[in-house]
Engineer: 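Supplied in structure tokens, the structure appears directly below.
Proteins come first, then strands; the chains are lettered A, B, ... in the order of their sequence lines, and each starts at number 1.
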Amino acid sequence: DTGVSQNPRHKITKRGQNVTFRCDPISEHNRLYWYRQTLGQGPEFLTYFQNEAQLEKSRLLSDRFSAERPKGSFSTLEIQRTEQGDSAMYLCASRLDPGHYGYTFGSGTRLTVV
Amino acid sequence: SQQGEEDPQALSIQEGENATMNCSYKTSINNLQWYRQNSGRGLVHLILIRSNEREKHSGRLRVTLDTSKKSSSLLITASRAADTASYFCATALGASGSRLTFGEGTQLTVNP
């Protein structure tokens with residue numbers, strides 16, 4: 001297993017366009033998390049899945065954001081009608097639950113909205 | 001919102017010295033974790049300490065947790081230039097440690 005994989009690594013889009021990011025977690029990990037990180041800040045929680053069920057969404061996740069994990073494996077995060085304020089690093093992480101384990105993060109997708 | 005606050009925000013030391021970073025949090029926790037992030041990369045899990053533990057070691061890392069003061073510290077001994085990175089504490093609140101809430105991080109620079 002090569003860890004958590006995120007694609008693309010970088011995405012530049014024009015304001016108003018839709019973008020979709022993909023995350024492939026570690027195969028045996030049942031929990032998958034999405035975080036957003038802006039420059040100089042710590043990651044902020046967006047949402048997480050237990051297998052295919054979305055268990056929690058942050059208030060940060062406006063109705064322009066949607067996340068799916070259709071078969072309990074990979075996940076997608078879509079942002080519709082992007083705004084300049086959406087520019088950030090989007091991080092995906094996975095872990096095995098239950099248990100006191102840390103998260104395994106991917107390298108992130110850096111989104112720039114111009 | 002950010003649960004943890006790291007102190008200091010930035011730390012610059014010489015190779016071979018020890019580095020200590022502190023983290024304070026606001027609510028009761030299930031466990032506290034420390035992560036490292038190199039510039040522009042994802043986070044790497046360093047160490048997890050449960051709420052009923054007071055101290056934990058992993059290689060050159062030593063973490064302490066004081067739940068009465070709602071604070072934790074990360075000590076890196078005999079630092080190396082490769083330790084240069086941002087360090088974040090993160091708290092897990094739920095019974096099985098659901099989502100993590102991160103602090104704003106400490107930027108550590110180790111000068112050769």
Side-chain angles (χ1 to χ4, degrees), chain A residues 2-7 9-10 21 23-26 29-50 53-61 67 88-112, chain B residues 1-10 21 23-26 29-53 56 58 61 63 65 74 85-108:
Chain A
T2 57
V4 177
S5 176
Q6 290 190 247
N7 288 289
R9 289 293 313 276
H10 302 274
F21 311 139
C23 172
D24 288 89
I26 292 174
H29 285 183
N30 51 358
R31 289 211 171 178
L32 185 149
Y33 304 80
W34 285 99
Y35 282 79
R36 181 173 70 186
Q37 185 179 27
T38 53
L39 199 62
Q41 300 293 313
E44 292 180 301
F45 169 76
L46 293 178
T47 188
Y48 85 92
F49 294 84
Q50 170 96 2
Q54 190 173 18
L55 295 188
E56 187 178 354
K57 295 196 301 184
S58 164
R59 290 170 297 172
L60 293 174
L61 215 65
M89 175 79 87
Y90 289 83
L91 295 164
C92 175
S94 68
R95 65 180 284 265
L96 184 63
D97 187 78
H100 290 274
Y101 307 114
Y103 288 20
T104 302
F105 277 86
S107 295
T109 294
R110 181 166 295 284
L111 172 67
T112 302
Chain B
S1 62
Q2 302 290 349
Q3 147 99 306
E5 293 184 2
E6 277 99 336
D7 170 52
Q9 288 189 323
M21 287 160 269
C23 168
S24 61
Y25 57 92
K26 298 174 183 174
I29 60 172
N30 177 276
N31 65 68
L32 184 144
Q33 304 178 30
W34 285 89
Y35 287 80
R36 184 187 73 217
Q37 185 177 37
N38 291 89
S39 181
R41 307 289 297 182
L43 286 83
V44 175
H45 178 253
L46 296 176
I47 198 165
L48 180 153
I49 186 165
R50 302 183 194 185
S51 59
N52 61 353
E53 297 176 312
K56 207 161 181 180
S58 177
L61 304 180
V63 169
L65 179 64
L74 171 67
S86 293
Y87 291 81
F88 295 91
C89 71
T91 51
L93 306 182
S96 66
S98 53
R99 62 177 168 89
L100 290 178
T101 302
F102 286 83
E104 295 188 352
T106 292
Q107 174 61 50
L108 173 66

Engineer: How far does CG of B/L43 sit from CD of A/Q37, to the nearest 0.5 angstrom?
Structural biologist: 6.0 Å
Engineer: Please flag which part of B/R41 lies under 4.5 Å from any non-hydrogen atom of chain A: side chain, backbone, both or neither.
Structural biologist: both
Engineer: Mind ranking B/Q9, B/Q33, B/Q107 by heavy-atom pairs under 4.5 Å with chain A and telling me who comes out on top?
Structural biologist: B/Q33
Engineer: Mind checking whether B/L100 and A/Y103 have side chains closer than 4.5 Å, heavy atoms only?
Structural biologist: yes
Engineer: Would A/Q41 and B/F88 count as a side-chain contact (heavy atoms from CB on, under 4.5 Å) here? Give the steps.
Structural biologist: CA-CA 10 Å; A/Q41 300 293 313; B/F88 295 91; over 6 Å; no
Engineer: Work out which heavy atom in A/R110 is nearest to a heavy atom in B/G40; give both atom names and the distance.
Structural biologist: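 Closest pair (atom of A/R110, atom of B/G40, distance): NH2-CA, 4.4 Å.
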Engineer: Taking the cut-offs as 6.0 angstrom to the six-membered ring centre and 45 degrees off its axis, would you call B/R99 and A/Y48 a cation-pi pair?
Structural biologist: no
Engineer: Quick one: ring-ring contact (aromatic ring centres under 6.0 Å, His included) partners of B/H45, sequence neighbours excluded?
Structural biologist: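 If we apply the ring-ring contact (aromatic ring centres under 6.0 Å, His included) test to B/H45, skipping adjacent residues, the hits are B/Y35.
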Engineer: Given a strict heavy-atom distance threshold of 4.5 Å, which part of A/Q50 is in contact with chain B: side chain, backbone, both, or neither?
Structural biologist: neither
Engineer: Can you say whether A/Y35 sits under 4.5 Å from chain B via the side chain, the backbone, both, or neither, judging by heavy atoms?
Structural biologist: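 For A/Y35, side-chain heavy atoms alone lie under 4.5 Å from chain B.
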Engineer: Taking atom NZ as the centre, does B/K56 end up with more than 12 heavy-atom neighbours from other residues, nucleotides or ligands that are less than 6.0 angstrom away?
Structural biologist: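 Yes, NZ of B/K56 has more than 12 neighbouring heavy atoms, counting only those of other groups under 6.0 Å.
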Engineer: Where does B/L48 contact chain A at under 4.5 Å (heavy atoms): side chain, backbone, both or neither?
Structural biologist: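 Only the side chain of B/L48 comes within 4.5 Å of chain A.
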